[in-house]
Asker: 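I am attaching a structure below and will ask some questions about it afterwards.
Numbers here simply count residues along the sequence, with the first being 1.
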Amino acid sequence: MRLQKILDKIKYSDIVNFEDKEIFGASNNSSQIQENFIFFAVKGSTFDGIRFIDDAVKNGSRVVFHESDIQNFVNNVTYVRVPNLRSFETTVSSEIFDNPQKKLKFIGITGTNGKTSTAYIIWKALNKSGRKCGLIGTVLYHDGKKEFTPTHTTPDSFVLNKYFSSMVDNGCEFCVMEVSSHSLVMNRVDHIKFDISLFTNLTQDHLDFHKSMEEYGKAKSILFDSLTKDNGSIVYDCKSSNLNLVISEDKSNHFIINRDEFLKIENYKQTRNGIEITFSGKLNFTLKSNLFGLFQVNNISLGVSVLYLLNYSEKEIASLVNTTTSIPGRMEKCDLNNPLVFIDYAHTPDALDKLLNSVKDIPHGKIISVFGCGGNRDRLKRPLMGKIASENSDITIITSDNPRNENPEEIIDEIFTGISNNFETIRESDRKKAIQLAIKLARPDDLIVIAGKGHENYQEIKGVKYPFSDKEIVEELCLK
């Protein structure tokens with residue numbers, strides 16, 4: 001790819017030391033720059049990328065796109081000034097990788113909770129049916145051949161297009177991806193037109209970034225208002241929380257669960273083996289899933305809807321959905337029977353409430369919950385989660401999550417402000433000791449729920465990510 005071809009696709013205000021060079025890649029991270037990459041010196045809210053130009057040049061960049069003034073120019077480096085630089089990241093990265101997004105069919109899921117489960121169910125089902133599918137999500141990236149550990153739910157466009165290109169090379173027909181609100185407002189997915197777009201729900205989260213629920217909903221709505229194909233499909237449940245903040249009106253391409261004749265959830269129940277759901281409308285059958293948690297009913301329904309829109313039969317859908325036996329960190333049952341132990345990523349008030357109310361339907365003695373709240377994130381949810389956990393558990397153990405740069409004891413203090421003295425609540429800031437205490441207190445018929453970190457295999461403290469897996473801790477303690 002020649003530089004001139006890229007410049008023809010964007011609007012720039014100035015250029016210094018122009019030379020039509022061969023371009024092999026691009027990044028906005030100077031540490032990821034390689035020989036003949038373009039460095040995007042984006043001006044962010046915290047740092048200005050021009051601070052890292054020297055590092056990028058040392059690593060091999062010979063072209064720098066920038067927004068802010070540069071005082072000193074290096075002779076063999078081309079400098080291109082681009083207003084609103086971030087908005088052109090998708091265009092440039094797409095061109096470099098030969099526009100792989102045009103060669104895939106995209107299924108996008110947005111919402112506060114349920115994105116990962118819904119994406120995982122659809123991804124597993126399509127691959128099982130023989131239609132090769134890649135995945136971009138919180139738990140896993142998969143390019144149709146290999147799996148990778150995610151850096152973000154929805155990474156920047158440079159990373160996205162690299163994976164899309166690999167998916168194309170590996171013969172994928174589809175890409176299923178979680179679409180975060182951050183990625184929507186930061187233009188990471190502007191180059192994608194989605195064939196099917198799904199909405200799960202909108203509940204309190206990320207208000208440190210979006211400032212209000214209205215702004216949060218507006219961010220989510222971008223997927224449906226701007227990024228879904230004109231002939232694409234939009235799917236959601238009419239009972240989804242805060243639906244009005246995301247979907248402004250019903251349109252002909254909207255497929256609405258629990259309304260009219262599309263797909264209605266007639267009945268559902270949870271057993272010790274999973275969930276059973278009876279559907280009516282366009283589909284009339286009872287589906288059995290190995291997944292746990294009644295909050296999965298909506299996620300399964302969204303998956304069923306996608307398979308219906310892709311013309312699978314009832315029999316095929318029932319078989320394909322049951323391909324997903326567990327989802328990492330989403331009410332994931334540990335390999336223990338007495339007591340039952342579940343690991344879950346619930347880190348918002350709504351998710352924690354749904355999680356604890358789901359486990360109540362499983363035969364049990366006491367419910368023992370272990371959870372904390374992350375540092376440097378929405379503080380308003382901490383007392384809410386304390387209240388929810390204490391009111392829906394027989395014993396609640398408040399511990400540390402990812403404190404990041406905050407004092408974990410102060411985070412726990414804020415959680416405790418939502419707890420009434422009438423409930424049995426224990427404080428243990430050491431997360432491993434908290435899990436150990438839960439197992440020690442549990443009787444064989446009790447049920448333990450460890451919430452907040454789910455699939456994560458680290459604990460972030462003062463900028464350092466230390467190895468830590470809730471699931472591995474449980475298995476290690478129970479083997480002793």
Asker: Would you say the ring centers of Tyr12 and Phe65 fall short of 6.0 Å from each other?
Answerer: no

Asker: I'd like to know if the side chain of Lys381 and the backbone of His347 have a donor-acceptor N/O pair within less than 3.5 Å.
Answerer: yes

Asker: Please determine, by modelled atom types, if Lys220 and Thr110 share a side-chain donor-acceptor pair under 3.5 angstrom.
Answerer: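 Yes, side-chain donor-acceptor contact under 3.5 Å.
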
Asker: Keeping the roles fixed (side chain from Asn457, backbone from Phe468), state whether a donor-acceptor pair exists under 3.5 Å.
Answerer: no

Asker: Please lay out, stage by stage, how Ile136 and Tyr163 fare under the test side chain to side chain contact (heavy atoms under 4.5 Å, CB included).
Answerer: CA-CA 9 Å; Ile136 299 291; Tyr163 284 116; 4.0 Å; yes

Asker: Looking at Asp143, is its backbone amide N or carbonyl O close enough to the side chain of Asn170 to form a donor-acceptor pair, meaning the two atoms are under 3.5 Å apart?
Answerer: yes

Asker: Are there over 12 heavy-atom neighbours, none belonging to Lys360, within less than 6.0 Å of that residue's NZ?
Answerer: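 Yes, NZ of Lys360 has more than 12 neighbouring heavy atoms, counting only those of other groups under 6.0 Å.
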
Asker: Quick check on the 6.0 Å ring-centre criterion: do Phe148 and His142 meet it?
Answerer: no

Asker: Mind jotting down which residue pairs meet the salt bridge (charged side-chain N to carboxylate O under 4.0 Å, His left out) criterion with at least one end in residues 80-92? Sequence neighbours excluded, please.
Answerer: Asp69-Arg81

Asker: Is the Phe199 ring parallel, tilted or perpendicular to the Phe224 ring (thresholds 30°, 60°)?
Answerer: perpendicular

Asker: Suppose we screen for salt bridge (charged side-chain N to carboxylate O under 4.0 Å, His left out). Which residues come up paired with Glu409, at least two apart in sequence or across chains?
Answerer: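 Listed in chain order: Arg427.
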
Asker: Assess, by modelled atom type and distance only, whether the side chains of Arg188 and Thr90 contain a donor and an acceptor separated by less than 3.5 Å.
Answerer: no

Asker: Which atom names give the shortest non-hydrogen contact between Ile448 and Ala438, and what distance separates them?
Answerer: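 So the two residues come closest at CD1-O, 3.6 Å.
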
Asker: Are the charged groups of Glu460 and Arg377 less than 4.0 angstrom apart, N to O?
Answerer: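 No.
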
Asker: Answer yes if the side chains of Ser180 and Thr153 hold a donor-acceptor pair under 3.5 Å, and no otherwise.
Answerer: no

Asker: Could Lys282 and Glu261 be called an ion pair, given the rule that one side-chain N must be under 4.0 Å from one carboxylate O?
Answerer: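 Not counted as a salt bridge, because no side-chain N and carboxylate O are separated by less than 4.0 Å.
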
Asker: To the nearest 0.5 Å, what is the distance between CG (Leu227) and NE2 (His191)?
Answerer: 10.0 Å

Asker: Please tell me whether Thr396 and Glu424 have a donor and an acceptor in their side chains that are separated by less than 3.5 angstrom.
Answerer: no

Asker: Which heavy atom of Asp190 sits nearest a heavy atom of Leu184, and at what distance?
Answerer: OD1-O, 4.4 Å

Asker: I'd like to know if Asp98 and Lys103 make a salt bridge, using a cut-off of under 4.0 Å between side-chain N and carboxylate O.
Answerer: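 Counted as a salt bridge, because a side-chain N and a carboxylate O are separated by less than 4.0 Å.
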
Asker: Measure the shortest side-chain to side-chain distance between Ser30 and Phe39 over non-hydrogen atoms and say whether it is less than 4.5 angstrom.
Answerer: yes

Asker: Tell me whether Thr154 contacts the main-chain N or O of Glu178 through its side chain, where contact means a donor paired with an acceptor under 3.5 Å.
Answerer: yes

Asker: Hydrogens and angles aside, do Ser27 and Asn29 bring a side-chain donor and acceptor to less than 3.5 Å of each other?
Answerer: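 Judged by distance alone, the side chains do not pair up.
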
Asker: Nearest heavy-atom pair of Leu198 and Leu223: which atoms, and what distance?
Answerer: O-CD2, 4.3 Å

Asker: Checking the side chain of Asp237 only, and the main-chain atoms of Asn258 only, is there a donor and an acceptor separated by less than 3.5 Å?
Answerer: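 Answer holds: no.
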
Asker: Does Glu428 reach the main-chain N or O of Ile398 with its side chain, forming a donor-acceptor pair under 3.5 Å?
Answerer: no

Asker: Salt-bridged, Arg431 to Asp470, with N to O below 4.0 Å?
Answerer: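 Asp470 and Arg431: salt-bridged.
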
Asker: Could you tell me whether a side-chain N or O of Ser181 sits under 3.5 Å from a main-chain N or O of Ala219, the two making a donor and an acceptor?
Answerer: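 No, Ser181 side chain to Ala219 backbone: no donor-acceptor pair under 3.5 Å.
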
Asker: Is a donor on one side and an acceptor on the other found under 3.5 Å between the side chain of Glu147 and the backbone of Leu140?
Answerer: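 Checking the backbone N and O of Leu140 against the side chain of Glu147, no donor-acceptor pair under 3.5 Å is found.
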
Asker: List in chain and number order the residues that pass salt bridge (charged side-chain N to carboxylate O under 4.0 Å, His left out) with Lys193, two or more places apart in sequence or in another chain; answer none if no residue qualifies.
Answerer: none

Asker: Under the salt bridge (charged side-chain N to carboxylate O under 4.0 Å, His left out) rule, what do Glu406 and Arg382 come out as? Steps first, then yes or no, please.
Answerer: CA-CA 13 Å; Glu406 284 195 66; Arg382 294 172 186 175; 2.7 Å; yes

Asker: Fit a plane to each ring of Phe194 and Phe106, take the angle between them on a 0 to 90° scale, and name the class: parallel (under 30°), tilted (30 to 60°) or perpendicular (over 60°).
Answerer: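 Judged by the thresholds at 30° and 60°, the geometry between Phe194 and Phe106 is perpendicular.
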
Asker: Taking atom types as modelled, is there a side-chain donor on Ser68 or Asp48 under 3.5 Å from an acceptor on the other?
Answerer: yes

Asker: Regarding Lys146 and the six-membered ring of Tyr141, is the cationic atom NZ or CZ under 6.0 Å from the ring centre and inside 45° of its axis?
Answerer: no

Asker: Only pairs at least two apart or in different chains count here, so list each salt bridge (charged side-chain N to carboxylate O under 4.0 Å, His left out) that has a residue in residues 111-125.
Answerer: none

Asker: Taking atom NE2 as the centre, does His364 end up with more than 12 heavy-atom neighbours from other residues, nucleotides or ligands that are less than 6.0 angstrom away?
Answerer: yes

Asker: What verdict does the salt bridge (charged side-chain N to carboxylate O under 4.0 Å, His left out) test give for Glu173 and Lys132, after you've listed the backbone C-alpha separation in whole Å, the side-chain angles of each residue and the deciding distance to 0.1 Å?
Answerer: CA-CA 6 Å; Glu173 177 185 358; Lys132 204 164 187 181; over 6 Å; no

Asker: Do Ser289 side-chain atoms and Leu291 backbone N/O form a donor-acceptor pair below 3.5 Å?
Answerer: yes

Asker: Please determine which of Leu135, Val306, Leu307, Ile121 meets the side chain to side chain contact (heavy atoms under 4.5 Å, CB included) test together with Leu126.
Answerer: Leu307

Asker: Are Glu95 and Lys9 close enough, and set up right, to give a salt bridge (charged side-chain N to carboxylate O under 4.0 Å, His left out), and what steps lead you there?
Answerer: CA-CA 9 Å; Glu95 284 295 322; Lys9 298 284 184 179; 3.7 Å; yes

Asker: Testing the 3.5 Å rule here: is there a donor-acceptor pair between the side chains of Glu456 and Asn402?
Answerer: yes

Asker: Please give me the minimum heavy-atom distance between Arg131 and Tyr312, naming the atom from each residue.
Answerer: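 The answer is CD-OH, 2.8 Å.
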
Asker: Answer yes or no: does atom CD of Glu266 have more than 12 heavy-atom neighbours from other residues, nucleotides or ligands under 6.0 Å?
Answerer: yes

Asker: Could you tell me which non-hydrogen atom of Gln296 sits nearest to which non-hydrogen atom of Asn299, and how far apart they are?
Answerer: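 Taking every non-hydrogen atom into account, OE1-ND2, 2.9 Å.
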
Asker: Is there a side chain to side chain contact (heavy atoms under 4.5 Å, CB included) between Leu243 and Leu202? Walk through the geometry before answering.
Answerer: CA-CA 7 Å; Leu243 178 63; Leu202 189 78; over 6 Å; no

Asker: With sequence neighbours left out, which residue pairs that include part of residues 226-236 fulfil the salt bridge (charged side-chain N to carboxylate O under 4.0 Å, His left out) condition?
Answerer: Asp195-Lys229

Asker: Does Gly114 offer a backbone N or O that forms a donor-acceptor pair with the side chain of Thr118 under 3.5 Å?
Answerer: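 Yes; judged by distance alone, with no hydrogens or angles, the pair exists.
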
Asker: Looking at every heavy atom in both Ile122 and Gly303, which two are closest together, and how far apart are they?
Answerer: CG1-CA, 3.8 Å

Asker: Against the six-membered ring of Tyr458, is Lys465 placed for a cation-pi contact (under 6.0 Å from the centre, within 45° of the normal)?
Answerer: yes

Asker: If the threshold is 4.0 Å, N to carboxylate O, is there a salt bridge linking Glu214 and Lys218?
Answerer: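 Judged by the 4.0 Å cut-off on N to carboxylate O distance, Glu214 and Lys218 do not form a salt bridge.
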
Asker: With sequence neighbours excluded, give me every ring pair (Phe, Tyr, Trp, His ring centres under 6.0 Å) pair touching residues 251-270.
Answerer: Tyr236-His254, Phe255-Phe262, Phe262-Tyr308

Asker: Looking only at side-chain N and O atoms, does Lys354 offer a donor or acceptor that is under 3.5 Å from a partner on Asn113?
Answerer: no

Asker: Show your working on side-chain hydrogen bond (donor to acceptor under 3.5 Å, both in side chains) between Ser87 and Asn84 and close with a plain yes or no.
Answerer: CA-CA 6 Å; Ser87 65; Asn84 193 18; 3.1 Å; yes

